[in-house]
Amino acid sequence: MALRDQARLRLALLAFRSALRAHALFGDPAAAVLNRSPNTSPYGLYERVRQRGDLSRSSLRMYATASHSVVNSILRDQRFGVRSANNQGRPSFQPAGVATGDRVHPIQDSFLSLDPPVHTRLRKMVAPWFTPRALRAQTERIETVVEGFLDELADRDEFDLIDDFAVRVPIQVICDLLGVPSEEYQRFIPWGAILGASLDDVRTVTEHRRLERALGEMAEFFDALIAHRGEQPGDDLVSALVTAGAQDPEVLHGDLLASTEILLVAGFETTVNLIGNGVLALLRNPDARSWFIANPDRADDLVEEVLRHDPPVQLTMRMAHEPVTVAGVDLRRDDGVLLLLAGANRDPDVFGNPGEFDPTRSNNRDHLAFSAGVHYCIGAGLARIEAAVALRALFARYPDLSQAGPARRRHSRNINGVLHLPVRGSAVRRSVLT
Ligand code: HEM
């Protein structure tokens, strides 16, 4: 980037950060959420948003809500979209805000950030790989993967839960699905972390440079993979995408690139935190842990409660595509709403005693951790299986698992979890899964 552009970018980012800080200081709850230190708990801030009403206006020229019923209804309402009503074309590959060059951006340019009908067409191309039937066929492989990684830890009574276990499981599973060699997995970890952090908006020139580099590396890697699968298709998702894309002239190369990249990144950057947050919840709640060790077949309930209580994705945005009244508030076309998924998950109107971690609660599947409506997480079923298998196997082997040092939190306000979590335990036996 030219020096003059760098200076301009630095100024724009400084103005953005200062405005956010000032609004937060003057008590705007949405600004406080977007400006909070990633090391602090967000749940008190979500409570403040809720106290201001079901849908409250923020001085940031948007609205915010932590109400379960409002978040749920906006996510399912076709009068709202993920893009502005005035920006419904194909991705320009030039993201709004801070330009990232002509790189494809897996979050901003994939179907995650597109509205119907383009969203529908692109999502349909990958949907067959995530049906309940397709997932059932993968469960055994996931169990083998999990057992294999635990076997590798057998001689160690201290390890890092994230690096040595939690991140390896979803990376291996998504690599199998995409047909990507998993030996390269160490390269994927920084890509996921950089893209996850960029969900907060890029805030410094260094972050901008880091993002550009990661986007370039990802494009190079997946361009080569797509070209290879075009010549030699295999029995994997990328081959199926390339074949389907070749038959549909409306599918662009950028669409294939963005779809494969979002699947890789969303496939592990979120699930690692579901496993990590599940372990943290059990280490902090001895009653829940004893219950789980006595009832390993209730791993599904445990996972739902982790998703409700401390979800890996905290928030999302929607924009009104036409004038619409929500919770008695009149929104204009292109008004944005900050949807606090994690706040909705603690709405006392839906969940009694919402701050308490209780895997036996009867309605724990009513959370919004995977969103709702047309963008409902396509990998939800896969993530649920991975986390249930991983937590069951881990605590079967290490019923005495304990924290062996301070955890280091992720530097993100949206992606919620820990980067490092030293643990210790003595492996008692090979797990119940095999
Ligand atoms: C615990 C793990 C996960 C969580 C908490 C999670 C969360 C979410 C959320 C909240 C959304 C919707 C965002 C919005 O409405 O604006 C979403 C969409 C998506 N997720 Fe996940 N996700 C997880 C795992 C996965 C996995 C394993 C995959 C892929 C293998 C995946 C792929 C996607 C994709 C492609 C979308 C876009 C769907 C669309 O726009 O139609 N996710 N996820």
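Predicted, not measured: the structure shown is a model, and the values here were computed from it. Read the numbers this way: they start at 1 and go in the same order the structure lists the ligands and their atoms. What you see below is based on every heavy atom in this structure, not just the backbone, and it leaves out hydrogens, waters and symmetry mates.
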Looking only at side chains, do [X] and [Y] share a donor and an acceptor under 3.5 Å apart?
| X | Y | answer |
| --- | --- | --- |
| N86 | R333 | yes |
| S412 | N414 | no |
| S239 | D236 | yes |

| message | If we ignore hydrogens and angles and just use 3.5 Å, is the side chain of N295 paired with the main-chain N or O of W291 as donor and acceptor? | response |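 Yes.
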If the cut-off is 4.0 Å to any non-hydrogen atom of [X], which atoms of ligand 1 fall inside it?
| X | value |
| --- | --- |
| I174 | 30 (C) |
| A369 | 5 (C), 7 (C), 10 (C) |
| L274 | 1 (C) |
| R318 | 14 (C), 15 (O), 16 (O) |

Have a look at ligand 1 and work out which part of [X], if any, has a heavy atom under 4.0 Å from it: side chain, backbone, both or neither.
| X | answer |
| --- | --- |
| R123 | side chain |
| E269 | neither |
| F130 | side chain |

| task | Describe, in one word, how the ring planes of H119 and H375 are oriented to each other, choosing from parallel (under 30°), tilted (30 to 60°) and perpendicular (over 60°). | result | tilted
| said: Take a 6.0 Å sphere around CD of Q247 and say whether it holds more than 12 heavy atoms from other residues, nucleotides or ligands. | reply: yes
| query | Mind counting the protein N, O or S atoms sitting less than 2.8 Å from atom 21 (Fe) of ligand 1? | reply |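 Excluding waters, the total comes to 1.
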| said: Strictly by ring pair (Phe, Tyr, Trp, His ring centres under 6.0 Å), give each pair with a member in residues 169-192 just once, sequence neighbours left out. | reply: F188-W191, F188-F221, W191-F221
| Does NZ or CZ of R289 lie under 6.0 Å from the centre of the six-membered ring of F395, at an angle within 45° of the ring axis? |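 Negative - R289 is either too far from the ring of F395 or too far off its axis.
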| query | Any N or O of T316 that comes nearer than 3.5 Å to an N or O of ligand 1? | reply | yes
| Working for side chain to side chain contact (heavy atoms under 4.5 Å, CB included), residues M62 and L34 | CA-CA 12 Å; M62 61 157 115; L34 297 175; 3.8 Å; yes
| query | How close does the nearest protein non-hydrogen atom get to atom 13 (C) of ligand 1, and which residue and atom is it? | reply |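 Looking only at protein heavy atoms, the one closest to atom 13 (C) of ligand 1 is L112 CD1, 3.9 Å.
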